[in-house]
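Below: the structure, in structure tokens.
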Amino acid sequence: MVLDVGFGGSFTTRTGYTPATGEVAAGRLTRRTGGEEHEIGAGVRLKGGEEGLTYHPARPLGAATVDHPIAVEAAYTPDPAQNAPATILSIGGGIWFRHRTATEMEYGFADVWATVEAPEPGREHTVALAYEPTPTGATLRAYLDGAPLPPLTSAGGRAPKLADTIGLGNDAHPSSHGHGMKALVSRAIATAFTGAYAPALLSAPAPAPNDPKPGPPLPTGDLEPSWRLPVSAAEDPASLVAKAAMLRPSRRQYDWQRLEQTAFLHFGVNTFTGQEWGHGDEDPDLFQPTGLDTDQWARELKAAGFGLAILTVKHHDGFVLYPSRYTGHTVAASSWRDGRGDVLRAFTDSAREHGLKVGVYISPADENSYARGVYANGSPRSPRLIPTPVEGDTRPPAGTRTYEATDYGAYMLNQLYEVLTEYGQVDEVWFDGSLGRIPPGKTEKYDFDSWYALIRDLAPHATIAVAGPDVRWVGNEGGLARENEWSPIPVRLTGEALIDYAVLPGSPDTGSRTAVAEAAATATHLQWWPAEVDVSIRPGWFYHPGQRPKTVDQLMDIYLTSVGRNAVLLLNIPPDQEGRLPAPDVARLREWRARLDREFPFNLATGAKPTGHPAVDGDQDTSWKVTGPLEITLPTAHEVDKVVLAEDIRHGQQVESAVVEVRQADGTWHQIAAAGTIGYKRILTLAEPVTGQEFRLRITAHRAQPYLTHFALYRTAPGRS
Ligand code: FUL
């Protein structure tokens with residue numbers, strides 16, 4: 001990789017881009033029109049015209065033609081209005097991928113080019129070009145959102161080299177003018193390669209910063225880091241631990257983990273019947289929110305610190321919150337808004353408006369479909385065209401694909417297709433394991449393979465949660481991750497469920513050396529499968545008038561036992577019959593936010609410099625390679641009551657135990673806290689506040705080389721909330 005940046009670093013007009021730790025920028029990355037401003041960690045907003053990014057690789061692209069294989073990828077969110085043409089990628093000025101008109105893009109080189117429909121503006125897409133010179137010319141492969149487009153081979157030879165640069169968001173050739181694209185460019189990648197190009201960039205492990213080599217003593221052999229590695233029953237414990245140490249989150253898992261707090265919104269016909277599990281025969285007309293206010297949902301959730309919210313688009317009863325073409329049991333069958341209501345549309349619009357990512361809960365169990373004779377009807381798996389054409393369909397005919405499915409599997413595929421193509425970017429798809437009230441024995445073998453394939457095709461960045469490969473259910477609905485919560489986990493990949501626990505989800509230990517060794521007999525793989533803690537703010541998942549939200553103390557405990565224990569919190573706040581988050585719950589969320597801000601007011605170690613390491617900077621993207629005690633000296637002695645530790649999980653999860661100590665007046669070190677695992681985040685609350693100026697962290701047991709992004713010290717601010 002010669003370039004891999006997510007724009008976590010900084011630009012200066014003089015020297016160009018300085019990468020953040022973890023980013024790679026061999027050569028030089030500059031802005032065409034100069035300027036230093038960009039949205040750190042989010043990307044560079046380009047306004048078209050002369051604007052753009054220019055990458056000058058250290059190695060020239062070739063002589064008169066582009067002579068070396070090179071692949072370039074950009075993640076970008078196009079504005080609705082583009083110049084014509086607006087260049088997304090340009091290699092050496094003669095190889096391009098650009099918006100040709102508002103609705104059409106074009107890629108090509110020399111005398112060959114092809115057109116493709118422009119992707120939806122306003123959501124993130126990826127485009128990639130891989131150029132391979134051949135003895136007689138060259139081949140150009142292009143990818144849109146990870147899907148290959150028809151490759152091109154030129155009869156007229158290789159691409160001319162007009163400049164030794166790569167243009168991102170504009171041409172590379174300095175004398176072409178005004179071809180800048182209007183977009184937020186959020187990631188730029190370039191790599192030289194040999195052999196066939198493999199377009200695995202977005203599902204590849206998140207880029208590892210610093211030195212990616214794990215330290216001794218593990219017998220890793222020639223293992224490459226991966227998010228999943230096969231194991232065999234005969235494997236010895238050392239080899240199993242070595243594999244666990246080589247696991248890394250995929251890009252989508254990494255981005256998901258960084259959300260920390262996510263929200264659940266259980267809303268549907270149950271909201272109006274008082275049931276937790278509906279029967280599927282409820283009259284859709286019962287669904288009558290009197291003042292649906294999804295802006296209020298998004299505003300309050302965002303203010304409370306949530307990064308993503310998941311809506312129950314369809315719960316076990318089968319009632320659908322948007323007007324699906326594939327069932328009558330939806331909001332369109334209610335007289336609410338004269339049958340023109342669409343909760344999913346309102347929710348996704350509001351979420352984006354307030355900067356929240358969107359997730360969808362689509363229950364595999366579906367009682368209405370069972371009653372309609374679609375679910376568990378014994379139909380065989382056969383190839384299904386998705387989206388299945390329906391009468392009066394106004395969708396463009398392009399983009400159909402074939403997947404193997406039963407009748408019900410096809411219904412789910414069509415629904416997933418609608419949700420993932422008509423409502424903007426979706427970042428999490430939640431499949432529940434529960435069967436609701438489906439009668440025992442009435443089994444539908446879910447077409448998970450096809451459902452996952454469709455999700456990967458249409459929403460490559462979305463995590464598939466719980467009954468899915470990317471995110472694991474923590475094992476309870478009480479808000480409790482294990483004290484030692486591992487993300488490298490033994491799993492069983494079966495034809496039946498596609499992914500299954502090799503250690504029961506309720507087990508107190510799923511990832512220690514012992515658990516991994518014991519699971520080897522039944523596990524097929526070790527994989528990065530991080531925990532999600534789903535819990536409701538109320539006793540029920542759906543709104544019931546008589547129930548009350550949890551107290552701030554309870555919410556605070558939940559935070560500490562989920563986010564504080566290497567898990568992502570998924571807190572359910574159910575909208576009421578008006579269609580708003582209930583006032584007592586909103587008040588509670590605000591109090592909880594205030595309490596969090598009071599308990600973690602300021603990292604006292606900010607600016608401190610652990611011996612032999614760069615200063616504490618609060619940045620999640622920079623980390624220390626920890627080879628000895630990490631000592632921090634505060635400017636003056638201070639009281640501390642909480643310690644926050646964090647591993648840089650791009651290097652995997654390695655710490656098995658650690659202690660935190662304070663230097664006493666006589667110069668000796670005294671232990672104030674101990675941790676088992678750390679993982680993405682570990683919050684340690686001290687038994688009582690401790691005063692000191694020098695603190696240190698000692699890792700007492702680990703697997704491969706640990707890297708830490710945080711050793712933070714806090715003291716709760718005075719006051720009440
Ligand atoms: C469970 C479901 O049965 C509940 O109704 C709820 O949706 C919860 C999040 O998952 O399995």
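Residue indices begin at 1 and follow the sequence shown. Just follow the structure's listing: the first ligand is 1, and inside any ligand the first atom is 1.
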| Any salt bridge between Arg682 and Glu485, counting N to O under 4.0 Å? | no
| said: What does the 4.0 Å heavy-atom contact list look like for ligand 1? | reply: Phe264, His266, Trp277, His315, His316, Tyr361, Asp432, Ser434, Glu477, Asp534, Trp541
| query | So, do Phe347 and Phe267 have ring centers that fall under 6.0 Å from each other? | reply | no
| field | More than 12 heavy atoms from other groups under 6.0 Å of NZ on Lys442 | value | no
| task | For atom CZ of Arg590, decide whether the heavy atoms of other residues, nucleotides or ligands shown that lie under 6.0 angstrom number more than 12. | result | no
| query | Parallel under 30°, tilted from 30 to 60°, perpendicular over 60°: which one fits the rings of Phe319 and Phe287? | reply | tilted
| So is Arg372 actually on top of Tyr411's ring, under 6.0 Å and inside 45° of the axis? | yes
